[in-house]
Amino acid sequence: MRPAIFGETATGFYTPGFLLKNLTVGNFYCFSRLAYSGAITAWIKIQGANSALIRASLKIENRTYNCIGTVLAKNGCWSFLKGGFVLDSPSNLALLLFQNSDDKDIDITIDSSSLQPFTDQEWSKGSVL
């Protein structure tokens, strides 16, 4: 997945994110599982602060999931963001956004990202590990 720049935060700063289509109710959506287990990754790098808590949030048509993953990122270093979500209602269109949790003006770079859906059966069997 390649990130794009979406909208503005409450303080007017732009945030990187992904446009997601046709998410299914009940599936487990994961990003940043351990690299040796099938590599779903989201690497984050910041500039403009010594460190920052970066939060992933998901906005769908009728709901916002404010924290579906976090990482404490340090200036100039790649950090591994972990997280995921399960929807309780279908979504034709969603935004997965990455923001500094305190809305400071920093640059956030995202690389090597992917999002993988798993059914309840796949998740329960441990086939995703």
J.: Under a 4.5 Å side-chain heavy-atom rule over Ile, Leu, Val, Met, Phe, Trp and Tyr, are L95 and L93 clustered together?
T.: yes
J.: Supply the atom-to-atom distance C77 SG to I46 CD1, rounded to the nearest 0.5 angstrom.
T.: 9.0 Å
J.: Is any side-chain heavy atom of R63 less than 4.5 Å from a side-chain heavy atom of S89?
T.: no
J.: For L19 and L96: C-alpha separation, side-chain torsions, deciding distance, then whether side chain to side chain contact (heavy atoms under 4.5 Å, CB included) applies.
T.: CA-CA 7 Å; L19 183 62; L96 174 60; over 6 Å; no
J.: Mind checking whether F18 and F98 have parallel, tilted or perpendicular rings, split at 30° and 60°?
T.: perpendicular
J.: How far apart are the closest heavy atoms of A49 and I106, and which atoms are they?
T.: CB-CG2, 3.7 Å
J.: Can you see which heavy atom on A94 is nearest to which on L23, and at what distance?
T.: CB-CD1, 3.8 Å
J.: Does the side chain of L58 come within less than 4.5 Å of L87's, by heavy atoms?
T.: yes
J.: Kindly give the heavy-atom pair with the smallest separation between A73 and S79, and that separation in Å.
T.: CA-OG, 3.5 Å
J.: Do V71 and L53 land in one hydrophobic cluster if side-chain heavy atoms of ILVMFWY residues count as linked below 4.5 Å?
T.: no
J.: Is it the case that the side chain of Y29 and the backbone of T24 share a donor-acceptor pair, with hydrogens and angles ignored and the cut-off at 3.5 Å?
T.: yes
J.: Near N50 CG, under 6.0 Å, is it more than 12 heavy atoms from other residues, nucleotides or ligands?
T.: no
J.: Donor-acceptor pair, R55 side chain versus N66 backbone, under 3.5 Å?
T.: yes
J.: Is the shortest heavy-atom distance from the side chain of I60 to the side chain of F85 under 4.5 Å?
T.: no
J.: Could you check whether any side-chain heavy atom of T109 comes within less than 4.5 Å of a side-chain heavy atom of I44, counting everything from C-beta outward?
T.: no
J.: Is a donor on one side and an acceptor on the other found under 3.5 Å between the side chain of Q47 and the backbone of N75?
T.: no
J.: Going from CH2 on W43 to CD1 on I110, what distance comes out if it is rounded to the nearest 0.5 angstrom?
T.: 14.0 Å
J.: Side-chain contact, heavy-atom cut-off 4.5 Å: N92 with E61?
T.: yes
